[in-house]
Structures are given as structure tokens and as C-alpha cells.
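First the proteins, then the strands, lettered A, B, ... as listed; each starts at 1.
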Protein chains: 2
Amino acid sequence: MWMYYTTMNEKAPSTSRDEALRSIQRELTAFARRARSRATELHPDLSLVAFSMLDLMTERGGCRGADLAAYFMLDKSTVSRQAGALEKLGYLVRETDPDDHRGQILRPSPAGLKAMREAHEQRRIAFLDRLADWDDADIAQLAAYLERYNSAV
Amino acid sequence: MWMYYTTMNEKAPSTSRDEALRSIQRELTAFARRARSRATELHPDLSLVAFSMLDLMTERGGCRGADLAAYFMLDKSTVSRQAGALEKLGYLVRETDPDDHRGQILRPSPAGLKAMREAHEQRRIAFLDRLADWDDADIAQLAAYLERYNSAV
DNA sequence: CACATAGGTTGTATTTACCAACCTATCTCT
DNA sequence: AGAGATAGGTTGGTAAATACAACCTATGTG
């Protein structure tokens, strides 16, 4: 089966590549949805965003709210409130940035680190379960694809 | 360098499989973090969830609200309200399921299809950019992996 | 020294989604 | 056939997340 395409403006025909692209979009979206709904199970106190914030702070050895906002594409007010909640939980400590007294350096407290590690472990368990019947090679390949995909930011 | 593992409860040593699992976690989460912020750009009328709902309806040639709720792990009330909004926009039509009069079959209207295609095109542009240098085979493989991953509910 | 700017906080409104209660149609078991 | 039990869907109430705007303070720059 084939068709004519008469102008430059018409969409390309639906190829298998397009089908696959569409599928990738849909599946990634479904994943995002589910990740959000499962986030509660990670740790009773940590939303997905709060968890990710702690994660980035840890990875960078402390960072400013503005960094978090930029990284996660969140408004600074949102970060401020999330940070406030984490502080109230005793999960993070702030110190004035010695180099620039406008800013603060945010770090996980020991309790915050502990909670974050627990959430990590929970998540690892869930993933293991889901990928239990996958070959090592397939898992490695999927990981490689995702890294490649995300690195193209 | 090597270590002893003395009890069944200790974590397994870091194998390549574990490395890959950790990577998949991180990369999928990185995607989930940012998906939300990109959602607004898709279409003035369509939230990410609304768009995804239309997409799945289309893919399946019409489906019930319960299917959508299950697929996206959303509460049925959420689906009901999103469907109501889409209907008010003239983007979807409902018909009573002839096989089971409790349910409804939801389908995009022509306008809904149009809006969805526009949103899809927006997203496709972004994806194309990212996946421009991928082989068709790799894209198809990634799609297959994601489908497999998501179907393991 | 005056003004523009960056990091953060707070007020306000919107969106999103969950839970619970409820309705109707269907199914199952006797 | 009749009596629950159950599934799909709607509506009311509510909580959380987030964006936007206004504002404060510290910093940088002419």
C-alpha cells in the first residue's frame, strides 16, 4: 500500500519508526505517571520531588535552592516550600553560603540521608521484582538506551 | 579488591546487572522529573494526563474509563473528571458499551484527534531532536523494552 | 552611591488527584 | 427468580503540589 504526498507541508507517512517513537512517548509517560503514584510507597515522608531533591543535594555535596529549581525545572517558591517541609522533618540543614550571603547551602541531615537510603532501597526492590525475568543482556541494553536518551539533553 | 559476604541478608555484591538496574532507576526517574514541566508545551487545552488518555483511547480504538485508570494508575474519579473536561472541550465522545451497559466506550472526537495530533507533533519534534541519530532498529528495540517493562504490572 | 539583579520567602489561586459515598447495571449463588 | 456482591462511573469534600507575583535582603556594577 502506498500514497502520494503532494506538498512539502504534509506529514511524513507513518513508518515503523514513527510507530516506535509514539510507543516510546506513551510508555515513558505511563512510567512517569506510575512513578508518581508509587512515590508514596518509597518512604512515608518523602514525595518523589523531595526524594529527588535530597538525592541531588547528596550527589553534589550540598547545593543551593536555585540549583535545585534549575535542575528539576521547578519554581523557586516550590523548592523553598519543599525545603521547608524537609527541614521541619529534620531531613535537611541549611547554612548560609559563605561565598554569597544571599544564598543558602542545603544538605541532608543524617536523618535525611537515612530516609533517602531507605527510599532508594525500596525502589531497588520494586525494580528487581519487575525486571526479575529479564536477561542480563536486555537489562544492560535498556540501561544503555536510557542513558543515551537522557544524555541528549 | 574483594570482600566477604557473611550472611544471607547482606546486599549482593555489585554485579553488572545491579549496575544496570541502578542506571535504569536513575534514568527513568530523571525522565519522570522533567516530564511534568514539559507537559504545558504540548497543547494549550491538553494536560499531560488528558493527552495520554486520548492517546490510549486512540491506540485501542476506544476504551473504558476503567481501562484508563488501570493503565495510568489513576483513581477512577480522576479519569471521570478528566473525561468530563475533554467532553466539554468537544474532544471526546462517549457511548454506552453495548456488551456491558455499566460501562462506556470513550473515543476521541474528530476535534480531539486533531488536538491530540497537534500535541503529538509537538512532542514528536522534541523526541526527534533527541533521537535523531538513532537507528530505526534501536528505536524499535527501546520501544519494545519499555512496553515489556510497563506490561509487567 | 544609586540602581539592577539573584536567592529566597510568603500570599494567592489553580490544578490535580485521592478517598468516600453513592447510583446503576451486571454477575453469582442458591 | 431473588438476594447479595461486584464493577463502572459520578459527585462532594479535601489535601497537596505548583506557578505567579510581590516583596525582602544581599550582592554586584555603573
Classify the angle between the aromatic ring planes of Tyr149(A) and Phe127(B) as parallel (below 30°), tilted (30 to 60°) or perpendicular (above 60°).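 Answer is tilted, since the angle falls between 30° and 60°.
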So Tyr91(A) and His43(A), would you call those rings parallel, tilted or perpendicular, with 30° and 60° as cut-offs? perpendicular
Is any side-chain nitrogen or oxygen of His101(A) closer than 4.0 Å to OP1 or OP2 of dT27(D)? yes
Does Asp97(B) offer a backbone N or O that forms a donor-acceptor pair with the side chain of Arg102(B) under 3.5 Å? no
Report, as a single string ordered 5' to 3', how protein heavy atoms within less than 4.0 Å touch nucleotides 9-19 of chain D: B base, S sugar-phosphate only, - not at all. BBBBB---SSB
Which whole-number value in Å describes the distance from [X] [atom1] to [N] [atom2]?
| X | N | atom1 | atom2 | result |
| --- | --- | --- | --- | --- |
| Leu86(B) | dT15(C) | CG | P | 14 Å |
| Asp100(A) | dT5(C) | CG | C1' | 11 Å |
| Lys88(A) | dT9(C) | NZ | P | 13 Å |
| Asp45(B) | dT15(C) | CG | P | 12 Å |

Where do Glu121(B) and Arg117(B) land on the salt bridge (charged side-chain N to carboxylate O under 4.0 Å, His left out) test, with the steps shown first? CA-CA 6 Å; Glu121(B) 183 59 17; Arg117(B) 279 206 215 92; over 6 Å; no
With the threshold set at 4.0 Å, does a side-chain nitrogen-carboxylate oxygen contact exist between Arg64(A) and Asp100(A)? no
Is there a continuous path of hydrophobic side-chain contacts, each under 4.5 Å between heavy atoms, that joins Leu113(A) to Leu46(A)?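 Cluster IDs for Leu113(A) and Leu46(A) match.
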